[in-house]
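We count residues from 1, following the sequence as given. In what follows, every heavy atom counts, from backbone to side chain, and hydrogens, waters and symmetry copies are set aside.
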Amino acid sequence: MTRLLWIPRGIGLGLLAFLIFGPLLNLLLWAFAEKWFYPNAFPSDWGFSYWARVFSPRGAAWEALGNSLTVALLTVALSLMLSIPAGYALARLPLPAKALILLSFLIPQAFPNLTVYVNIARIFYQFGLNGTIAGVVIVHTVHGLVLSVWIATAAFSAVPRDGEEAARSMGAGPFRAFRDVTLPQALPGLLAAAIFVFLESLDEFTGSYFVGAPDVQMLPLTLFTAAAGGNYQIASITALLLLVPSIGFMLLVERFLKADVLARVGK
């Protein structure tokens with residue numbers, strides 16, 4: 001009887017694999033489909049003509065990809081510049097109402113994104129930030145601070161104070177003790193924050209649309225335009241372009257961030 005237990009387990013794993021890889025498989029099929037009409041289960045014609053259209057000079061795919069990567073990397077850098085000192089202060093200093101301060105970073109998420117970004121776009125228009133990379137980066141950073149500040153605070157809270165106090169007792173200044181002792185130990189958590197902010201920025205649509213469009217072409221905007229127009233091949237190819245930097249970024253971090261290092265986060 002126990003030997004039959006593998007049947008429901010196998011069915012469960014098969015369903016899970018279908019839910020995860022089924023949409024990706026459908027994406028790949030559409031990316032190389034020249035013709036695919038109902039009720040055919042698979043495309044009737046295959047080819048690369050839509051790839052040529054996407055990467056043609058008029059396709060603007062390279063511009064959208066470059067803008068998306070530039071905005072995502074700048075958003076990560078700006079978010080970490082703000083969240084590292086904020087997270088350290090919230091984790092180490094005796095600040096009043098710490099919980100209230102952390103909750104304040106959730107305010108942008110407490111209201112519908114559409115309402116928030118419409119008003120941000122109106123304010124940015126007065127300062128000439130609409131239709132600029134800087135404006136999009138600021139919007140993405142406000143959105144990413146929710147993740148980066150909370151994760152940075154948790155990362156610094158997990159670092160024991162003993163090492164920093166020992167460095168201070170041996171003559172190290174506050175900044176050197178932080179740089180040489182505390183920061184390296186909190187680095188896994190900060191890298192995790194960078195991953196989440198990067199992926200969040202790369203997929204952000206609403207803020208990019210209201211602040212950046214039509215001057216700043218982004219991959220999510222290109223994907224939405226193609227899908228809304230029924231160009232499923234172009235939408236699928238654009239979606240694959242969104243997947244490539246996300247997977248590459250995670251593999252790059254994984255190369256320097258091993259499991260034994262990750263295991264120290266949260267302890």
Side-chain angles (χ1 to χ4, degrees), residues 17-36 42-43 45-79 113 117 131-141 143-144 147 191-257:
F18 175 78
L19 291 175
I20 295 175
F21 296 105
L24 293 178
L25 178 60
N26 185 69
L27 197 69
L28 287 172
L29 291 176
W30 270 113
F32 296 98
E34 295 290 328
K35 296 179 181 179
W36 192 359
F42 295 98
D45 290 329
W46 305 81
F48 295 91
S49 63
Y50 286 96
W51 287 82
R53 288 175 57 183
V54 170
F55 290 102
S56 67
R58 298 180 59 184
W62 290 115
E63 179 186 357
L65 178 60
N67 288 338
S68 295
L69 291 176
T70 300
V71 168
L73 292 174
L74 289 175
T75 300
V76 169
L78 186 56
S79 296
N113 286 341
Y117 288 133
T132 65
I133 293 289
V136 178
V137 169
I138 293 173
V139 169
H140 286 202
T141 301
H143 197 72
L147 295 170
L191 287 176
I195 293 173
F196 284 114
V197 172
F198 180 85
L199 297 178
E200 184 76 19
S201 174
L202 202 64
D203 294 332
E204 170 61 36
F205 168 78
T206 310
S208 302
Y209 176 79
F210 281 101
V211 176
D215 300 300
V216 181
Q217 288 294 326
M218 307 279 289
L219 282 180
L221 302 181
T222 305
L223 173 60
F224 174 79
T225 302
N231 299 318
Y232 300 119
Q233 290 91 338
I234 295 178
S236 299
I237 295 170
T238 307
L240 289 177
L241 291 179
L242 274 172
L243 285 175
V244 171
S246 301
I247 296 174
F249 190 83
M250 288 188 291
L251 290 176
L252 180 64
V253 172
E254 190 275 337
R255 178 180 176 85
F256 301 101
L257 197 61

Sequence neighbours left out, what passes side chain to side chain donor-acceptor pair (under 3.5 Å) with E34? Give chain and number order. S49
Non-neighbouring partners of F205 that pass side-chain contact (heavy atoms from CB on, under 4.5 Å), sequence neighbours left out: Y209, P220, L221, F224
Which residues pass the side-chain contact (heavy atoms from CB on, under 4.5 Å) test with L74, not counting sequence neighbours? T70, I133, V137
D215 meets the side-chain contact (heavy atoms from CB on, under 4.5 Å) criterion, sequence neighbours left out, with none
What are the two closest heavy atoms between L241 and F55, and how far apart are they? CD2-CZ, 3.7 Å
Are V136 and T75 close enough that some pair of their side-chain heavy atoms sits under 4.5 Å apart? no
Report the residues that fulfil side-chain contact (heavy atoms from CB on, under 4.5 Å) with S236, sequence neighbours left out, ordered by chain and then residue number. L27, W30, A31
Using the side chain to side chain donor-acceptor pair (under 3.5 Å) criterion, which residues pair with S68? Sequence neighbours excluded. none
Tell me which pairs pass side chain to side chain donor-acceptor pair (under 3.5 Å) where either residue lies in residues 191-200, with sequence neighbours left out. H143-E200
Please assess F196 against V76 for the test side chain to side chain contact (heavy atoms under 4.5 Å, CB included), listing each intermediate value before the final yes or no. CA-CA 9 Å; F196 284 114; V76 169; over 6 Å; no
Keeping the roles fixed (side chain from E204, backbone from T206), state whether a donor-acceptor pair exists under 3.5 Å. yes
Mind checking whether S208 and H140 have side chains closer than 4.5 Å, heavy atoms only? yes
CG of N26 to OH of Y232, rounded to nearest 0.5 Å, is 11.0 Å
Is it the case that the side chain of N67 and the backbone of Q217 share a donor-acceptor pair, with hydrogens and angles ignored and the cut-off at 3.5 Å? yes
If you measure from CG on D203 to CG on L219, what distance do you get to the nearest 0.5 Å? 9.5 Å
